[in-house]
Amino acid sequence: RAQPPLSVRDRRLPAVLASAPPPERAELVVVLGVRGAPFSLVAPHLDALLTSTDERVTATLSGIVTWWRTPKATAWFRQLLPRVVDTGLRAELAEELGEAPERYWAEG
């Protein structure tokens, strides 16, 4: 018999996040974002995940900014942006944050 799923406010989640290997932690962070977890729960883990060189981690984090649109979270993501190693993830984050460089050609 399976245990019921954890709520995004469950007191055990910080320990679960801390003990999970990075690829699984990234998956859990995404699920928590989709389910409306507070940014303060995942922020301590996002720095290491977003600056990871492991493609299993960075590929999982695609779209991560869309779940936390508070001014505090946006400022945090902007501050971290230069340290994101994965170029595709960095470009995606920059675009989501409105930080993408303007293209030097005009389309249309």
Side-chain angles (χ1 to χ4, degrees):
R1 189 171 159 153
Q3 293 186 2
L6 295 175
S7 160
V8 296
R9 306 241 184 246
D10 193 298
R11 291 178 184 221
R12 297 173 289 177
L13 278 173
V16 172
L17 281 163
S19 65
E24 287 78 11
R25 187 178 315 146
E27 289 178 24
L28 183 54
V29 165
V30 168
V31 169
L32 290 170
V34 170
R35 294 193 176 177
F39 184 70
S40 61
L41 174 65
V42 298
H45 306 281
L46 280 174
D47 190 300
L49 294 173
L50 288 168
T51 58
S52 175
T53 57
D54 186 339
E55 290 180 12
R56 296 172 302 163
V57 171
T58 57
T60 302
L61 296 173
S62 180
I64 196 77
V65 174
T66 59
W67 297 301
W68 290 287
R69 292 282 186 184
T70 65
K72 181 179 180 179
T74 300
W76 188 92
F77 281 116
R78 279 195 175 113
Q79 182 180 359
L80 183 70
L81 187 61
R83 296 189 10 239
V84 176
V85 177
D86 184 284
T87 56
L89 181 59
R90 186 173 58 242
E92 177 190 314
L93 289 171
E95 186 172 330
E96 287 287 333
L97 295 168
E99 301 284 326
E102 291 192 31
R103 296 182 179 174
Y104 61 88
W105 68 87
E107 293 185 28

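Starting from 1, each residue takes its place in the sequence as its number. Computed from heavy atoms alone, side chains included, the values below leave out hydrogens, waters and symmetry copies. If you're wondering where the values come from, they're calculated on a predicted model, not measured in any experiment.
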For residues [X] and [Y], determine if any side-chain heavy atom of one lies less than 4.5 Å from a side-chain heavy atom of the other.
| X | Y | answer |
| --- | --- | --- |
| Leu50 | Leu93 | yes |
| Val16 | Asp10 | no |
| Pro23 | Thr60 | no |
| Asp86 | Leu61 | no |
| Thr74 | Arg78 | yes |
| Ser7 | Arg35 | no |

| said: Hydrophobic cluster membership, with links at side-chain heavy-atom distances under 4.5 Å among I/L/V/M/F/W/Y: are Val29 and Val85 in one? | reply: no
| In terms of hydrophobic clusters joined by side-chain contacts under 4.5 Å, are Val31 and Val8 together? | no
Residue pair [X] / [Y]: nearest heavy atoms and the distance that separates them:
| X | Y | value |
| --- | --- | --- |
| Ser62 | Glu92 | OG-OE1, 2.8 Å |
| Leu81 | Glu99 | CD2-CB, 4.1 Å |
| Ser40 | Pro44 | O-CD, 3.4 Å |
| Arg25 | Ala20 | NH2-O, 2.7 Å |
| Thr51 | Arg83 | CG2-O, 3.4 Å |

| message | Does Trp76 form a side-chain contact (heavy atoms from CB on, under 4.5 Å) with Asp47? I'd like the steps, not just the answer. | response | CA-CA 10 Å; Trp76 188 92; Asp47 190 300; 4.2 Å; yes
| said: Checking Leu49 against Val42 for the side-chain contact (heavy atoms from CB on, under 4.5 Å) test, could you report, in this order, the C-alpha distance in whole Å, the side-chain angles of both residues, the deciding distance, and whether it holds? | reply: CA-CA 10 Å; Leu49 294 173; Val42 298; over 6 Å; no
| said: side-chain contact (heavy atoms from CB on, under 4.5 Å), that's the test. Do Val84 and Thr58 meet it? Break it down for me. | reply: CA-CA 9 Å; Val84 176; Thr58 57; over 6 Å; no
| query | Going from CG on Leu89 to CD1 on Ile64, what distance comes out if it is rounded to the nearest 0.5 angstrom? | reply | 9.0 Å
| Got a second to check how far Leu46's CG is from Leu80's CG, nearest 0.5 Å? | 8.0 Å
| message | As a quick check of understanding, evaluate side-chain contact (heavy atoms from CB on, under 4.5 Å) for Trp67 and Leu32, giving each step before the final call. | response | CA-CA 9 Å; Trp67 297 301; Leu32 290 170; over 6 Å; no
| message | Check this for me: Arg69, atom CZ, are more than 12 non-hydrogen atoms of other residues, nucleotides or ligands nearer than 6.0 Å? | response | yes
| request: Before giving the answer on side chain to side chain donor-acceptor pair (under 3.5 Å), spell out for Glu96 and Thr66 the whole-Å C-alpha distance, their side-chain angles and the decisive distance to 0.1 Å. | output: CA-CA 8 Å; Glu96 287 287 333; Thr66 59; 5.8 Å; no
